[in-house]
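Below: one structure, written as structure tokens.
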Amino acid sequence: MAITASDEPVVIGTGIVPVREAWETSLRDLGSHVVRAALKDASNPKVDALYVGNAYGNVLSHQANLGALISEHSGLCGVESHTVEAAGASGAGAFRAACIAVQSGWVDVAIALGVEKFTEVPGSEAESAAALTLNYEYESSQGMTLQAQAALLAQRYLAHWNLSRDIFEGVVIAAYNHAADNPNAMFHGMDEKRYRNQPIIADPLGLYDTAFLADGAAAAVIVRKSTAQALGVASPIFVRGSANAVAPLSLHDRHDLLSWDAVRKSTLAALHKAHLSLADIDWLELWDASVIELVLSLESGGLLEAGKGWQSPPKPVNQSGGCLGRGNPVGASGMYQLVESVNRLQNEDAGRNALIQAVGGCGATAITHILSN
Amino acid sequence: MAITASDEPVVIGTGIVPVREAWETSLRDLGSHVVRAALKDASNPKVDALYVGNAYGNVLSHQANLGALISEHSGLCGVESHTVEAAGASGAGAFRAACIAVQSGWVDVAIALGVEKFTEVPGSEAESAAALTLNYEYESSQGMTLQAQAALLAQRYLAHWNLSRDIFEGVVIAAYNHAADNPNAMFHGMDEKRYRNQPIIADPLGLYDTAFLADGAAAAVIVRKSTAQALGVASPIFVRGSANAVAPLSLHDRHDLLSWDAVRKSTLAALHKAHLSLADIDWLELWDASVIELVLSLESGGLLEAGKGWQSPPKPVNQSGGCLGRGNPVGASGMYQLVESVNRLQNEDAGRNALIQAVGGCGATAITHILSN
Amino acid sequence: METPRHWRLKKQRYALVGEECPHCKAKIFPPRDVCPECGLEAKTVYHFSGKGEVYSYTSLTDAPAGFQASAPYAIALVKLEEGPIVTAQLTDIGNEPVKIGMPVEMVTRKLRDDGDERGMIIYGYKFRPVLS
Amino acid sequence: METPRHWRLKKQRYALVGEECPHCKAKIFPPRDVCPECGLEAKTVYHFSGKGEVYSYTSLTDAPAGFQASAPYAIALVKLEEGPIVTAQLTDIGNEPVKIGMPVEMVTRKLRDDGDERGMIIYGYKFRPVLS
Ligand SMILES: [Zn+2]
Ligand SMILES: [Zn+2]
């Protein structure tokens, strides 16, 4: 069949559980729980495909082929399924795969799932496993970690712009305080005293400057606009733009450490696809696995000037609390951003546009979506 | 833009290296080598996306986010990229993702890559890692392995049909002998004496009844037919059908152990999409990570009757030698099947149809493509 | 060491605790959210008798990491009296040849010895021939 | 134990062996197939001097598995004289505070001690302050 451009992907149902340390629950149960919730929310359409965004299941749960595992557990035997992996952008990658699939006309009803389970192993092992998204041969094999990468960026940023680490305080406290209003968040507020007393774990970054690794899952049901009409869905949320762009995986392979090419390209491509400019965007959810990543995303995405990414942005950013306030189930976080944004748009006046961006690795992969109500 | 149904995906270039134990080469080098070869074969079009099919990189090479790693290493900074994982069907999953992407109109030029690197670790660790595609909580944690799964299927099959393990001999010897003509294959022939002297490793299956795990990579460049015409490609290979279907991951969760639902559904859906029946198919490449998997694929795909999957099929099957004769770089094997089939169709008279099917896990995920010249 | 997972699975592993579907009465193991027979929600706890028969089997000489101490061992699909099939090792089989259809019953045994993972020993279900 | 990988990387790790692009003369490390500067093929072996300066740095108290023995340690991006940036630990820094721009030179040191992975010890490059 021929799909017209105006028959764009829309979201017709979502499922989400609070980010937490879900000791008592398996990867499979976390995933199937939100898949079923999303399907129920969409009035149980017949499903064609389930795309699973996950970064660490192979290592932390010794489990590959999550597509077959979770679809069976969700009562969806026989559908299409595979895993999408792009480090922290895995969930957003599953969402984009679902959008592309319905847009192709080869798939009518797709579910995008983001799921991550860190508490299968003790915290130290989880931190080591998290370094999988670095270049093993030339980064993690030298003793590099995710937090150290963020620290190297932050150190260079402060030196380049002649700033002190105090600039991070306002950004981080805002994230934790926004999370106080998010029922899916692990953290509920932060005061100056607590922030200033944090231990420095990778100079210049402290304990609260990097998001806590945690468990979580979120899912969305995606169809074409015409399918939503046929199903009688009253107010779907439109996916107007979608883009994925990568940069060199390793920090040492980038021409400019402080300019995130993947974020810039992905932002521009998603806006271009949506026929919108940044001025048309009402609010944004950007990536903040660490505070410096949010600063660089704000600068490279064009919302703040270079060297000023720590200042107050001109539009609402990360009112969810972001990864810092919500907790970071890495491969699922992109779906948290998207599902929470869909739910928020459903409660806002019509005509709002939101830009949602997840980043995998330390600026290596950026996947951007533009949602509208 | 609106894509018409007749503007189907086509393959305009391929790259492949022989399956082997590539001690001296990294996952990244293996991948980028065939990506560049495929691009050169396609006269170097501007690339929009690279989809990486890989099953074990996280565990065997401690490396996630292969999309960013391999695209940079291939000189493709800034493209879209992510990893597709569906166990043995990962490579075929990347191919399907590329087809869907160009069909959506959101992507014009996509590369599908299958890459797997087992020789990063000693053989025993590789065998243990391979069990990741089983259900960890209820299969691998009980001491189950891939070979044991195949053996359980084979044992039940022989008992159910009252047959002896001699039925496997002809199937396996044919695979190894077909491989003698395949320059990408590890093995080059097998005689009865050698087969009969093989050690039994998981009763009733012997050493040669399961494919050897090895390293490999293969890639294809996929565009829409109209793009191929604009690029001046003389004779692209058409992707007429494509389908992915899953079954319960664990053998113990299946209603009928000897009927592969995923294979049946995926075969029928791909034929339906291509508006073809099995009678229209000239030859097939089916999955044979073990001999019993080929037997069950032949039966569930409808080529031979139940209980007769070990007999000579009515059409040419696995003239490449299959995984048994080629060696099995698991997440890459699906792309080997596809790339070799594309290359073969380019040298055949026009009007041929080939059915290519990869299976992930032990019958858990089946991804089928129908290619025509 | 993977304490959370093994703590979570202990109940199922020690006593074959699954579910009974409240809708179609199917007995379910491993436990899950959706009944594989009728597709409706399943949550009622059900204790299996642990009796069954060998549905298929093989024996492994090359054991995977963590299982070398028990190699060679027989691993089987066991069809429980109540319907579901379970993956498990066979134990205490002595010189008796394993056969499809052979009656077996559940026992608790050491499953693996995580020499590499800080000496953790994991117990769980295996099946042995029913003494007749 | 991961012999194949470490054997493969030994040359780069012991002596900072990279490439020089035959087309644009860019010096490349780590070695790769395509020159990151001009996009053409790069294969000519090039030995780096091992001299450079700290481009960025941090110090870690919580080290990942395999690196606990050397914790706390400083890890840096080092900009080599010839252009490329390398990720590496700093060593022999004594009480001198690390600074961006500080001159450093390559030395070979023990990188990790794979206690968990059969006692394999891996050597490779680290950088130390240049004695002035
Ligand atoms: Zn039921
Ligand atoms: Zn050059």
Side-chain angles (χ1 to χ4, degrees), chain A residues 1-5 26 28 49 55-56 58-59 61-69 71-72 77-87 89-90 93 97 99-101 103-107 131-133 135-137 140 242-249 253 261-262 265 273 360-361 364-365, chain B residues 1-5 26 28 49 55-56 58-59 61-69 71-72 77-87 89-90 93 97 99-101 103-107 131-133 135-137 140 242-249 253 261-262 265 273 360-361 364-365:
Chain A
M1 83 222 60
I3 308 295
T4 62
S26 69
R28 187 194 56 187
Y56 297 113
N58 270 10
V59 170
S61 300
H62 303 290
Q63 187 65 63
N65 209 5
L66 296 178
L69 183 77
S71 50
E72 189 261 347
C77 286
V79 300
E80 159 165 19
S81 196
H82 69 246
T83 302
V84 172
E85 191 273 315
S90 300
C99 292
I100 288 180
Q103 188 69 28
S104 76
W106 288 16
V107 166
L132 274 176
T133 57
N135 181 332
Y136 180 73
E137 296 193 333
S140 19
S242 174
N244 167 334
V246 298
L249 185 66
D253 285 336
D261 289 348
K265 281 189 192 171
K273 176 148 195 57
T365 309
Chain B
M1 83 222 62
I3 308 294
T4 62
S26 70
R28 188 193 55 186
Y56 297 113
N58 270 9
V59 170
S61 301
H62 304 290
Q63 188 65 64
N65 209 6
L66 296 178
L69 183 77
S71 48
E72 190 261 346
C77 287
V79 301
E80 159 165 18
S81 195
H82 69 246
T83 302
V84 172
E85 191 273 313
S90 300
C99 292
I100 288 180
Q103 188 70 29
S104 76
W106 288 16
V107 166
L132 274 176
T133 57
N135 181 330
Y136 180 73
E137 296 194 333
S140 18
S242 173
N244 167 333
V246 297
L249 183 67
D253 285 336
D261 289 348
K265 279 189 194 171
K273 175 146 198 54
T365 308

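Chain letters run A, B, ... following the sequence lines, proteins first, then strands; residues in each count from 1.
Proximity to chain B involves both the backbone and the side chain of A101(A), based on heavy atoms less than 4.5 angstrom apart. Of the atoms belonging to E72(B), it is side-chain heavy atoms, and not backbone ones, that fall under 4.5 Å from chain A. Heavy atoms closer than 4.5 Å to chain A are found nowhere in S90(B), neither backbone nor side chain. Interface remark: S71(B) contributes side-chain atoms only to the contact with chain A (heavy atom separation under 4.5 Å). In this structure, chain A has no heavy atom under 4.5 Å from any part of A262(B). Contact annotation for A55(B): only backbone heavy atoms (N, CA, C, O) come within less than 4.5 Å of a heavy atom of chain A.
Across E85(B) and A64(A), no two heavy atoms sit closer than the pair OE2-CB, 3.6 Å. Minimum heavy-atom separation, E80(A) to I100(B): OE2-CD1, 4.4 Å. Of all heavy-atom pairs spanning H82(A) and A86(B), the tightest one is CB-CB, 4.0 Å.
With chain B as the partner, the residue from A364(A), S81(A), G93(A) showing the most heavy-atom pairs under 4.5 Å is S81(A). Heavy-atom pairs under 4.5 Å with chain A peak, among N135(B), N58(B), N65(B), at N65(B). Among Q63(B), K265(B), R28(B), the residue making the largest number of heavy-atom pairs under 4.5 Å with chain A is Q63(B). Heavy-atom pairs under 4.5 Å with chain A peak, among T133(B), T83(B), D261(B), at T83(B). Across A87(A), P248(A), S26(A), the residue that shares the most heavy-atom pairs under 4.5 angstrom with chain B is P248(A). Note on A245(B), S61(B), G361(B): by heavy-atom pairs under 4.5 Å with chain A, the leading option is A245(B). Most heavy-atom pairs under 4.5 Å with chain B: of the set L69(A), D253(A), V79(A), this distinction falls to V79(A).
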